[in-house]
Protein chains: 2
Amino acid sequence: MTLTYQHNARILVALDCIIFGFDGEALKLLLIKRNFEPECGKWSLMGGFLNEDESLEEAARRILYNLTGLQNNYLEQIKTFGAPERDPVERTISVVYYSLVNIADQDITAIQAHNASWISLDDKPKLIFDHDQMVEVALQRLRYKAALHPIGFELLPEKFTVPQLQKLYEAIYNTQLDRRNFSRKIMGTDLLLKTGEKDMTSVTKKAQLYSLNTEKYQKYLDGYYTFLPELAELSAV
Amino acid sequence: MTLTYQHNARILVALDCIIFGFDGEALKLLLIKRNFEPECGKWSLMGGFLNEDESLEEAARRILYNLTGLQNNYLEQIKTFGAPERDPVERTISVVYYSLVNIADQDITAIQAHNASWISLDDKPKLIFDHDQMVEVALQRLRYKAALHPIGFELLPEKFTVPQLQKLYEAIYNTQLDRRNFSRKIMGTDLLLKTGEKDMTSVTKKAQLYSLNTEKYQKYLDGYYTFLPELAELSAV
DNA sequence: CCAAAAGTGTTTGCGCTACACCCATGG
DNA sequence: CCATGGGTGTAGCGCAAACACTTTTGG
C-alpha cells in the first residue's frame with residue numbers, strides 16, 4: 001500500500017510580489033491596474049499561482065520576470081498570509097515576497113502589457129484583498145533590514161553618488177539625514193569604489209560616482225552592522 | 001457564471017512548529033520520535049495540515065496545543081518551505097512557526113502521548129525532510145529577534161532572577177556575558193519588578209526574584225532596542 | 001572562617017551627533 | 001562673484017566594555 005495524506009485539504013497557493021523601486025526622489029511600488037477578474041479595474045500587487053513542479057522562490061522569480069523582464073534581483077520571502085476569507089473566490093493562501101529593483105533596468109514593454117505602473121508610496125491607492133497589509137509588512141521589513149544590512153544599493157544603478165544614496169535612505173525612512181555624518185559613515189564601510197567619473201546631471205558641484213565593492217558587500221550581507229544607528233528606532237517591528 | 005481559478009494546482013499545506021524551551025541550563029527543542037508514517041521511528045518537528053476553515057496561525061496554535069496543552073504562547077511565523085520534493089509522499093509546502101514556552105507549564109501527559117521529548121540543541125539528532133534547515137532558520141531568527149526585543153522572558157517562569165535571565169541569553173547565543181554589565185543593562189530597562197522574594201533553590205547568596213513589567217514589556221516589543229549590543233554581531237542573518 | 005555566587009561602583013575609550021568651514025561649478 | 005550643493009574636519013557626550021570590591025549564605 002502506498003502512503004498518502006488522503007483526508008487533508010488541498011489548497012490554492014498564490015504568490016504576491018511587492019516590488020520596490022527608487023527614482024532618485026521617492027520610494028515607489030510597481031502596482032497593477034487589473035484588467036482581469038476578480039476585482040477588475042482595481043489596483044493590486046503582481047501575483048500568480050504556484051505550479052506543481054516549481055519551488056516558491058522559482059515561482060516568485062517567474063512572476064517577477066513576467067512583469068519586469070528582470071532576473072537575479074534581490075528577492076526575499078516575507079510572510080505567508082492565510083486568513084480563510086482573504087480571497088473571496090476560493091480559499092487561497094499567499095506567500096509574499098519583496099524585491100528591490102533598479103528602475104532604470106526595467107522592461108517597459110512588459111510592464112505596460114501588464115497594465116502596471118510605478119507609484120510613490122505616498123500616493124499608494126487602496127489595494128484589493130489583504131494587499132495593503134502585505135505592503136505594510138514589506139515596508140516594515142525593508143526598513144528593518146536596511147538599517148542593519150546594506151541592501152539599499154540594490155535599488156540604485158551600477159554607478160551612483162553618495163548624495164543619491166542618502167536620498168534613498170531618506171525616502172525609505174521618510175526622514176532627513178545629516179550630509180556630513182552620512183558620508184563619513186558610508187565611507188567608513190569601504191563598500192564604495194571610486195570610478196573616477198562624476199555625476200554630470202548635477203547643475204552645481206558634480207558629485208563623485210561610485211560603484212559597489214561586491215566582495216565587501218557580500219560580507220556585510222552575511223554579517224550584521226548597525227548601518228545607520230539613527231534609523232534603527234524608525235525600523236521597529 | 002461564478003468566477004473560479006480552475007486550472008491551477010491545489011497543494012497540501014502543512015505547518016511545522018519549532019518549540020523552544022529553557023531548563024535553566026540549556027536551550028531545548030521539543031521534538032517527536034515518530035511512531036507513525038512516513039519516516040516512522042525517526043525524529044521530526046511537531047506538525048500538521050492546514051484545515052479548510054482555519055487561518056495559518058490558528059492551525060499553528062492548534063498543533064501546539066495538541067502537543068503541549070499550552071495556549072497563548074509567544075508564536076511567530078518564520079518562513080514557508082516549498083521545494084517540490086521536500087516531502088516524498090506528496091507535494092506539500094510547509095509554513096513554519098516558532099514558539100517560546102516555559103518548560104514548567106507543559107502538559108507532560110500530552111507530550112508523552114505524542115512521544116515527544118525536550119532535547120538540548122547541542123544533542124539535536126538529524127531530523128526528517130528539511131526539518132534541520134527549519135531549526136537552523138528558527139535559531140537564527142530567535143537570535144536576531146532576542147538581540148533587539150526582550151522576548152527571552154517568554155522562556156522563563158513567572159518569577160525569575162537576573163542570573164537566570166543571563167544564563168538564558170548565554171544559552172541562546174552560546175557565549176559568556178559579564179555579570180556586572182548584564183545586570184546594569186537589564187535593570188536600566190525598567191522591565192523587572194521586584195517581588196520581594198528570593199530564589200531559595202540556590203545554595204549560596206539567594207538572588208532576588210523579579211516578575212516582568214508587562215506594560216513596559218509591550219512597549220519594548222513594539223519598539224526596537226539594542227538589547228545586548230555585544231550579541232548583535234552574533235545574530236547575523 | 002571560607003568558598004561561591006550576587007550585587008554595586010568606577011574608569012576608559014570609542015562612536016555617534018552636531019556643529020563650522022572649504023571646494024567646485026554654472027550663471 | 002555669488003548661489004548651490006559636495007566634501008572634510010572637530011569638539012562633546014553618552015554608552016558600553018573591562019575592571020575591583022563588598023555582601024550574603026551554607027557548611
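Every chain is numbered from 1 and lettered A, B, ... according to where its sequence line falls, protein lines coming before strand lines.
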Output one letter per nucleotide in nucleotides 18-26 of chain D: B when a protein non-hydrogen atom lies under 4.0 Å from the base, S when only the sugar-phosphate is that close, - when neither is. BBB--BBSS

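Classification of the B/Y225-B/Y220 ring pair by plane angle, with boundaries at 30° and 60°, yields perpendicular.
When DNA chain C is scanned 5' to 3' for any atom under 4.0 Å from a heavy atom of chain B, the first and last hits are C/dA4 to C/dT10.
Residues passing the side chain to side chain donor-acceptor pair (under 3.5 Å) test with A/Q164, sequence neighbours excluded: none. Looking at residues two or more places apart in sequence or on another chain, you find a side chain to side chain donor-acceptor pair (under 3.5 Å) between B/S94 and B/D16. Evaluation of the side chain to side chain donor-acceptor pair (under 3.5 Å) rule for B/D130 yields B/R86 as partners, not counting sequence neighbours. With sequence neighbours excluded, no residue forms a salt bridge (charged side-chain N to carboxylate O under 4.0 Å, His left out) with B/R34.
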Side chains of residues 110-117 of chain B: which donor-acceptor pairs under 3.5 Å do they make with residues two or more places apart or in other chains?
from: B/H114; atom 1: ND1; to: B/A110; atom 2: O; distance (Å): 3.0
from: B/N115; atom 1: ND2; to: B/K33; atom 2: O; distance (Å): 2.7

Tell me which donor-acceptor pairs under 3.5 Å the side chains of residues 20-31 of chain A have, and how far apart each pair is, sequence neighbours excluded?
from: A/D23; atom 1: OD1; to: A/E25; atom 2: N; distance (Å): 2.8
from: A/D23; atom 1: OD1; to: A/A26; atom 2: N; distance (Å): 2.9
from: A/D23; atom 1: OD2; to: A/K28; atom 2: NZ; distance (Å): 3.3

Show me the donor-acceptor pairs, under 3.5 Å and distance only, between side chains in residues 118-125 of chain B and residues at least two apart or in other chains.
from: B/W118; atom 1: NE1; to: B/Q106; atom 2: OE1; distance (Å): 3.0
from: B/K124; atom 1: NZ; to: B/D132; atom 2: OD1; distance (Å): 2.4

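No more than 12 heavy atoms of other residues, nucleotides or ligands lie within 6.0 Å of NZ in B/K42, so this atom counts as exposed by the packing criterion. The number of heavy atoms from other shown groups lying within 6.0 Å of CD (B/E197) is above 12.
Ring centers of B/F81 and B/F129: at least 6.0 Å apart, outside the cut-off. In this structure, the ring of A/Y144 has its center less than 6.0 angstrom from the ring center of B/Y144.
If you check residues 186-195 of chain A against DNA chain D, you find no residue with a heavy atom closer than 4.0 Å. Near DNA chain C, defined here as any heavy-atom distance below 4.0 Å, the residues from residues 152-163 of chain B are B/P163, listed numerically.
Here the P atom of nucleotide D/dG5 and the CD atom of A/Q208 are 19 Å apart, to the nearest Å. To the nearest angstrom, P of D/dC15 lies 15 Å from CZ of B/F227.
The side-chain hydrogen bond (donor to acceptor under 3.5 Å, both in side chains) analysis of residues 204-216 of chain B, with sequence neighbours excluded, yields no pairs.
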